[in-house]
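Notes follow the structure.
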Amino acid sequence: MFFSGDPTTRKRVDLGGRSSKERDRQKLLEQTRLERNRRLYLRRQNHAAIKIQVGFIEFEFEFEFNIHCYIAALHVYVMLFAFAQGAMIVLVQCFGPQSAFFRQLFFFFNARNVSDISVLVETCRLMKHFVQESVFNYVTGDVVGLFAGIDYSSKRALVDFRVKKFAFACIQAVHQNRKELKDQLFVTPEESNTPPTLLLEAVVLLIDSRLPWTCKVVSYLLERNVFTLLRELIVTGKESMEIHSSYGRISSLERVLTLIIPHIGQKPCICPNIDPRWSFFSQILTIPFLWHLFPYIKEVFATGRTSQHYIHQMALCVQNHANVLPHEVSMELPGYACLLGNILETAGVALSQPDCSFEMGVDLAAITTFLLKALPPIKSSRESSMVSDDDMTAGDEVMELVINRDLEKQITSAIDSRFLLQLTNVLFSGIHLLRGPHDEGPGDKEVAAVGAACAFLHVAFNTLPLEHIMTVLAYRTELVQLLWHYMKRCHEIRKWPFLPYLSGDAPGWLLPLAVFCPVYKHMLTIVDNEEFYEQEKPLSLKDIRHLIVILREALWHLLWLNPTSHPNVGKSVSSPPANKMLPAEAIQHRVSTVASEATIDGTRANEILKQAPFLVPFTSRAKIFQLASVRQRHGSHGVFTRSRFRIRRDHILEDAYSQMSTMSEEDLRGAIRVTFVNELGVEEAGIDGGGIFKDFMENITRAAFDVQYGLFKETSDHLLYPNPGSGMIHEQHLQFFHFLGILLAKAMFEGILVDIPFATFFLSKLKRKYELHTIALAYCNEHYEADISELELYFVILNNEYGEQTEEELLPGGKNIRVTNENVITFIHLVSNHRLNFQIRQQSSHFLRGFQQLIQKDWINMFNEHELQLLISGSLDSLDFDDLRQNTNYVGGYHSEHYVIEMFWEVLKSFSLENQKKFLKAAGSASEEALDRLPTSATCMNLLKLPPYRSKEQMSTKLLYAINAEAGFDLS
């Protein structure tokens, strides 16, 4: 059915313009054209119907119209017809407040109806032509006049309503047909006049920031979740987006977003805040790689107040634990991870803005902390390359969270040196100004800065590759100094502020220490002795002593006062409030309790000894070690059987090896009684009550560890370590090392001190540690600054054992790789590993196996290398005669208050340290000749026989003569 074209029932419209005032308003229209239009008006009325029908065919209106769309379409084509003839005044009348066109169009508009959309598209096209033709340039007044006429103020409500409906209808039309239009959603207006482009460009015109209704229109769109609609457009369009040559051009979709996102409710904007679930940050910033799609929006978002507003909005959601993120785009691209990547990519620019506030830094740290915590750990490229298919078995389950590699790269690349430097600067800028001469502790701003920085970095340490960020924090920021100053003041005033990033019962020192320690440790791996001791960098020696106190108290609190999970925890200690730390005196007061529980697995005391043994004084740990040995010695079901050795003095090593090597672990823990046989094959007199066995252990260890025997060598400091060439001397050298391990363990097990000074790197083997730094540090301290390649060194090492030279490559093809300044550190580490670990690995391994037959690894791990040497050989610095006096028993009429005994202890204390050591050594030795009226010892019972001297002078003379005669004391 077609329209008849009869105009008699329609209101006649004068297209010519009657008044001179109207002619003045059309300055660009020629007078002759106005006259001609007036003469042709009636004729064009007669042909109007034909023109409209042709228009329907040309614009492909193939669907049946409802009556309302038909009327709206009629208006559109009348306008097009008039516009084509230059009658621009008609547009004002039809777009203006008096026009029935918009009233009918928006009242009956259906975004799913193709005919309705076609009408809307042509309306947008018409408005675009109008703007382009208006005085040659787009002027906002032209758009206002188009919708309001000459008086916007009197028609404000109606005009604003129609413009809001118009803008939303355009977005809705694109959204409802996004799948059909997916290939056109990212087109720029310069490239095409496709329907999506015309509709979105109309929105751009209607929400121009210079228009009086902009905030009202944007508010209307926001209330209708426009960001959700735009998100679905972006997600749909990017799937079929192709990289085309539109560099520097902005798509219509990006232009719409760019105009909407600055409406954040801050003056002069009057837009209200919307539900975070439908906001820009939840709907748009969660789109994967957003800035790759919209680089211009990235600039708009990162600069000015926009980013600060949205980041603060996100921070409020984090504080309120609100889940406002939309459904995931895919499992590999979770919304929270995409949000994190997009925020971090712009964070560097946002933090560098002159108006970037402290609050912005705190909010940004809070958001990134929250999002990073949800992220699975990201491995470094080196770690990833080490994972092979062999690491996965058929029973392994697939990880629940697998993040897209490009997304991981976006996140890790964004947390670069610039970002870390800017974040710390924003958070800690001006903090030092708050420190006065009468410092009462950190202020609120400093507490907030420390909490925000430490929370972010702690999560970053657990999520990101450490080498990615640690060096920057250590050497390009003042983080270590700032955190140390904070912790030092808090410790001095015994008040640790609560940090909101921790749970309510967590102590305030926990988070700063968790960040400070790894960064400080990283600095120590590179600093040399000159910097550490002379320049006192990065901390002074006084501060380091203070730091040790804080660390000891912190560990004590964590492991003893507030343990997380220990099934057999005793109830002997009550915990103080969580935000207080015990002073050192209180820690020492608890040591006795630790010692009593230390040998019981699962107790807090036992956990302390395993995780932080240095919290317990060495003397207490030594007593715990002795207690554990006694318990093992007596066994769980009674006393072990005693073994008896018959040892030839001139074959002590061979006899001991043949008899001890065949003993079981249980027999080794039992008592061993020794009978010596002299050169004539006669057994020596004496009953072994422990003293003869002690003499045996001292003699055999002296022989076995003598460098002349060939199993051990010594450093320039006369410290012992396994001889790499031991196999060239003894065919069964590895069996001997196993035996020597048993021998040393037996001496420690029985509490017998033996004079064997071991090299530190070998003692580390007993703890299953491997030294690499000894030689490297020696090199670094030399500060060799010349060209190392001139030394003609290669990645090979020469071994010279007993005149036989061998060459080994440190790397495949090492003999052809020259050492240079670039690879010298690698060379030093390889040499260190070869000398300290590789070439003695077999000897050390067999020694350790024998050693662990008696001494459990857990008990050795209670001590560092220096302390192990004290357990083996005793102190070389001082002797505790008060302890010896308290553990001495008296017989033969003597007692602790006897005048001879009092005189004896006074004389011993007056001796030099060297003579005191000689006395103790002689008191446990045997001799082959008696010295008349001198003190004698019965080594079989560790018994000293002291004549009743009458004066200190006489006793001192006799004692000094005896201990310096190097004949020891006779056996009774």
Side-chain angles (χ1 to χ4, degrees), residues 2-3 5 10 13 15 44 47-96 99-134 138 142-143 146-147 162-178 180-181 184-185 187 189-206 252 256:
F2 295 94
F3 179 63
R10 293 174 49 84
V13 178
L15 300 180
R44 287 179 176 172
H47 296 282
I50 299 174
K51 292 286 184 180
I52 292 174
Q53 292 180 31
V54 172
F56 281 124
I57 297 172
E58 289 177 350
F59 291 108
E60 300 181 359
F61 276 44
E62 299 177 357
F63 297 89
E64 184 177 354
F65 284 14
N66 60 47
I67 185 61
H68 307 291
C69 290
Y70 180 85
I71 296 173
L74 179 63
H75 278 287
V76 170
Y77 286 100
V78 169
M79 288 187 291
L80 287 174
F81 169 73
F83 184 78
Q85 300 304 317
M88 298 178 67
I89 190 63
V90 177
L91 294 177
V92 177
Q93 293 177 349
C94 294
F95 275 82
S99 172
F101 168 67
F102 276 123
R103 181 174 66 252
Q104 294 174 349
L105 176 63
F106 297 135
F107 185 81
F108 297 105
F109 180 75
N110 182 357
R112 296 184 181 277
N113 189 296
V114 176
S115 59
D116 288 12
I117 295 174
S118 299
V119 172
L120 187 64
V121 168
E122 297 309 322
T123 303
C124 294
R125 191 192 306 274
L126 192 62
M127 185 174 68
K128 178 182 179 180
H129 286 313
F130 169 76
V131 172
Q132 290 175 342
E133 297 295 331
S134 296
Y138 167 51
D142 296 333
V143 177
L146 180 65
F147 287 92
R162 288 186 172 180
V163 173
K164 289 189 292 186
K165 298 285 287 186
F166 190 7
F168 181 70
C170 292
I171 295 177
Q172 190 181 32
V174 180
H175 175 263
Q176 291 290 346
N177 300 274
R178 61 188 182 278
E180 293 79 6
L181 303 173
Q184 306 172 23
L185 294 177
V187 175
E190 295 83 0
E191 293 175 312
S192 173
N193 279 332
T194 59
T197 305
L198 290 170
L199 292 168
L200 293 175
E201 282 300 311
V203 178
V204 171
L205 291 173
L206 296 175
S252 300
V256 171

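All residue numbers refer to positions in the sequence shown, counting from 1.
- One distance of note links CD of Q176 with CG of D116; it measures 12.0 Å at 0.5 Å rounding.
- A donor-acceptor contact shorter than 3.5 Å links the side chain of R162 to the backbone of G96.
- Side-chain contact between F108 and N113: absent, with no pair of heavy atoms (C-beta onward) separated by less than 4.5 Å.
- Across every non-hydrogen atom of A173 and I117, the tightest pair is CB-CG1, 4.3 Å.
- Once rounded to the nearest 0.5 Å, the distance linking CZ of F168 with CZ of F106 reads 12.0 Å.
- The heavy-atom pair separating A111 from N177 by the smallest distance is O-ND2, 3.4 Å.
- Atom CG of residue L120 and atom CG of residue L198 lie 10.0 Å apart, to the nearest 0.5 angstrom.
- Atom CG of L146 sits about 7.5 Å away from atom CE of M127, to the nearest 0.5 Å.
- Proximity of P195 to Q184: side-chain heavy atoms (C-beta onward) are separated by under 4.5 Å at one or more points.
- Here the NE2 atom belonging to H175 is positioned 14.0 Å from the CG atom belonging to L199, to the nearest 0.5 angstrom.
- Ring geometry for F147 against F166 counts as tilted: the plane angle lies between 30° and 60°, on a 0 to 90° scale.
- Under a 3.5 Å cut-off, the side chain of S118 and the backbone N or O of V114 do form a donor-acceptor pair.
- The two residues P196 and L185 make their nearest non-hydrogen contact at CB-CD2, 4.4 Å.
- Contact detail for V203 and A167: the closest heavy-atom pair is CG2-O, 3.6 Å.
- Going from atom CD of E201 over to atom CZ of R125 covers 13.0 Å, rounded to the nearest 0.5 Å.
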